[in-house]
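Shown next, in structure tokens, is the structure this report addresses.
As the structure lists them, so they are numbered: ligands from 1, and atoms in each ligand from 1.
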Amino acid sequence: MSLRTILKFPDPVLRKKAEKITSFDSALEDLADDMIETMYDAPGVGLAAPQIGESVQLIVVNAAQDEDGREPMILINPEIVEEEGSQVDEEGCLSVLDLTASVKRSRKVKVSYQDITGEQQELTVEDRFAVVLQHEIDHLHGVLFIDHLSTLKRTLYKKKVKKMLAAKA
Ligand code: NI
């Protein structure tokens with residue numbers, strides 16, 4: 001296992017649509033292991049493969065009920081097949097520095113996905129866990145949580161990042 005570098009907005013890989021995974025081999029297991037290690041190191045509650053520069057449909061999340069618990073879960077080619085209700089919760093992202101904001105999401109989602117062996121699975125989650133899954137699945141479509149904010153908020157954030165990058169250069 002090794003720690004991987006997390007790409008930051010505005011890296012173009014974060015905007016690409018991720019490829020579907022078709023081979024369930026040891027390279028995939030290694031990638032998932034790296035992602036789990038990188039997620040807990042960050043620390044974060046979820047990580048999508050494009051965030052470490054791998055444009056494939058793989059996400060890892062921490063499924064533990066209590067905040068300090070560790071229960072890593074790997075979802076391959078995940079897809080939201082049903083959604084219900086709505087909720088507004090505070091979100092941040094390991095690829096979006098210095099910003100948290102309220103985002104409106106579905107309250108409950110049913111996700112179909114493949115596990116690390118390629119077996120088809122289904123999972124229904126709600127509340128905070130549903131937010132995490134929607135956020136991570138968005139990453140596989142090149143969507144970031146800032147895309148759910150108002151144009152004004154998003155523009156302000158982009159200006160701030162430009163300034164930060166200019167200051168570094
Ligand atoms: Ni994120």
Side-chain angles (χ1 to χ4, degrees), residues 1-21 28 31-64 67-80 83 86-114 123 125-151 153-162 164-165:
M1 292 213 291
S2 53
L3 274 183
R4 306 281 289 258
T5 304
I6 298 176
L7 302 180
K8 309 292 188 306
F9 174 85
D11 194 293
V13 178
L14 296 170
R15 290 313 200 175
K16 276 174 67 179
K17 198 170 165 24
E19 299 278 332
K20 214 172 162 122
I21 289 171
L28 183 65
L31 175 60
D33 281 348
D34 284 356
M35 284 176 58
I36 289 167
E37 192 185 349
T38 305
M39 170 178 74
Y40 285 125
D41 178 75
V45 291
L47 189 70
Q51 292 182 274
I52 58 161
E54 305 282 349
S55 196
V56 293
Q57 295 185 23
L58 164 60
I59 63 172
V60 297
V61 293
N62 184 22
E67 263 177 48
D68 301 323
R70 283 190 179 197
E71 198 186 323
M73 202 177 159
I74 300 162
L75 295 92
I76 295 157
N77 303 323
E79 211 180 314
I80 294 168
E83 44 197 321
S86 70
Q87 60 177 325
V88 176
D89 207 343
E90 196 76 2
E91 288 184 35
C93 178
L94 298 173
S95 295
V96 179
L97 296 180
D98 299 323
L99 183 73
T100 59
S102 297
V103 177
K104 190 178 174 196
R105 303 269 189 190
S106 299
R107 197 190 67 77
K108 188 174 171 182
V109 291
K110 188 200 253 185
V111 176
S112 94
Y113 66 99
Q114 281 165 285
L123 175 74
V125 293
E126 43 190 32
D127 304 327
R128 189 69 194 163
F129 197 16
V131 170
V132 174
L133 283 183
Q134 289 170 87
H135 177 119
E136 298 311 331
I137 291 171
D138 264 0
H139 274 298
L140 304 180
H141 300 279
V143 174
L144 300 172
F145 84 94
I146 51 174
D147 301 325
H148 294 282
L149 306 180
S150 68
T151 312
K153 274 190 190 157
R154 194 164 51 246
T155 306
L156 284 175
Y157 181 69
K158 284 180 180 168
K159 274 190 186 157
K160 186 175 155 183
V161 171
K162 257 192 192 161
M164 288 192 311
L165 290 173

Nearest 0.5 Å please: distance from the CD atom of Gln134 over to the NE2 atom of His148. 8.0 Å
Residues Asp89 and Arg105 bridged, charged N to O under 4.0 Å: no
Which is it for Ile74 and Ile36 under the side-chain contact (heavy atoms from CB on, under 4.5 Å) test, yes or no, and what are the steps along the way? CA-CA 8 Å; Ile74 300 162; Ile36 289 167; 3.9 Å; yes
Could you tell me whether the side chain of Leu58 reaches within less than 4.5 Å of the side chain of Met35, counting heavy atoms only? yes
Smallest separation among heavy atoms of Phe129 and Ala63, with atom names: CZ-CB, 3.8 Å
Here the gap from Asp138 atom CG to Ile80 atom CD1, rounded to the nearest 0.5 Å, amounts to 7.0 Å
Which residues and atoms, protein N, O or S only, are under 2.8 Å from the Ni ion (ligand 1)? Cys93 SG, His135 NE2, His139 NE2
